[in-house]
Amino acid sequence: MRPIALSLMAAGLMMAATPVFAQATLWQERMQEHRKRADEMREKFEERLFKRADSNQDNFISREEFLKQANERFDRLDVNKDGKLSREEVRAELKGPKRPPEPKDK
């Protein structure tokens with residue numbers, strides 16, 4: 001083959017591959033964003049955990065502090081106060097806070 005034909009074929013292959021490289025770069029950018037959001041969520045979780053559980057503010061959570069917070073959460077979830085959590089009680093917690101009913105149009 002002539003050098004020009006080979007050059008044109010190589011150029012055509014490179015142009016055909018360009019969208020694949022662009023997609024890979026876009027995917028990498030999205031993964032970096034995802035990792036950044038995940039890191040931020042972990043940091044917020046850690047902050048909330050220590051704020052709630054570390055009652056003496058020593059930057060450690062003792063077994064006593066941990067169990068106190070766990071017991072308080074259990075008591076909050078145990079709506080009917082029978083000392084057991086039903087699936088319905090846990091499901092209600094997982095759904096999140098109850099929202100006020102939507103105002104009805106008059």
Side-chain angles (χ1 to χ4, degrees):
M1 283 193 152
R2 294 183 178 167
I4 293 177
L6 285 175
S7 296
L8 289 174
M9 285 176 53
L13 287 173
M14 287 177 24
M15 289 176 60
T18 299
V20 174
F21 293 126
Q23 285 179 341
T25 302
L26 181 60
W27 180 81
Q28 289 171 336
E29 289 173 4
R30 287 184 178 163
M31 287 304 296
Q32 286 176 340
E33 290 172 13
H34 175 73
R35 285 186 194 107
K36 183 180 176 185
R37 284 194 307 267
D39 289 344
E40 289 170 356
M41 289 174 64
R42 273 191 291 277
E43 288 176 21
K44 287 179 183 179
F45 173 78
E46 178 187 322
E47 182 78 24
R48 286 193 314 268
L49 175 67
F50 270 80
K51 204 174 234 184
R52 286 183 197 149
D54 186 18
S55 58
N56 64 2
Q57 304 294 306
D58 66 352
N59 288 319
F60 295 97
I61 299 173
S62 68
R63 179 180 297 272
E64 183 179 299
E65 288 171 324
F66 182 86
L67 293 175
K68 179 180 181 243
Q69 190 233 359
N71 287 328
E72 289 171 356
R73 184 169 189 179
F74 184 95
D75 291 343
R76 189 181 77 245
L77 292 173
D78 186 17
V79 176
N80 62 5
K81 304 301 179 204
D82 64 353
K84 300 180 273 187
L85 295 179
S86 67
R87 287 186 183 269
E88 290 77 22
E89 289 169 322
V90 172
R91 192 173 295 127
E93 173 71 8
L94 294 175
K95 285 183 179 178
K98 294 181 181 175
R99 298 180 188 156
E102 295 286 326
K104 295 180 181 177
D105 293 335
K106 293 181 181 180

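Positions are given from 1 along the sequence. None of these values were measured; they are calculated from a predicted model.
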Restricting to pairs with a member in residues 36-45, which pass salt bridge (Lys or Arg N to Asp or Glu O under 4.0 Å), not counting sequence neighbours?
-> Asp39-Arg42
Side-chain heavy atoms under 4.5 angstrom apart, residues restricted to Ile, Leu, Val, Met, Phe, Trp, Tyr: same cluster for Phe50 and Leu67?
-> yes
Residue list, salt bridge (charged side-chain N to carboxylate O under 4.0 Å, His left out) with Glu72, at least two apart or on another chain = Lys68
With rounding to the nearest 0.5 Å, note down the distance linking CD1 in Ile61 to CG in Asp58.
-> 9.5 Å
Beyond-backbone contact of Glu29 with Leu26, side-chain heavy atoms, under 4.5 angstrom = yes
Would the number of heavy atoms belonging to other residues, nucleotides or ligands and lying under 6.0 Å from CZ of Arg30 be above 12?
-> no
Residues at least two apart in sequence or cross-chain that pass side chain to side chain contact (heavy atoms under 4.5 Å, CB included) with Val90, listed by chain then number, are Leu85, Leu94
Under a 4.5 Å cut-off applied to non-hydrogen side-chain atoms, are Gln69 and Leu49 in contact?
-> yes
Please name all residues satisfying side chain to side chain contact (heavy atoms under 4.5 Å, CB included) with Met31, sequence neighbours left out, ordered by chain then number.
-> Trp27, Arg35
Looking only at non-hydrogen atoms, find the nearest pair between Glu89 and Asp78 and report the distance.
-> OE2-OD1, 3.4 Å
Quick one: side chain to side chain contact (heavy atoms under 4.5 Å, CB included) partners of Gln57, sequence neighbours excluded?
-> none
Non-neighbouring partners of Ser62 that pass side chain to side chain contact (heavy atoms under 4.5 Å, CB included), sequence neighbours left out | Glu64, Glu65
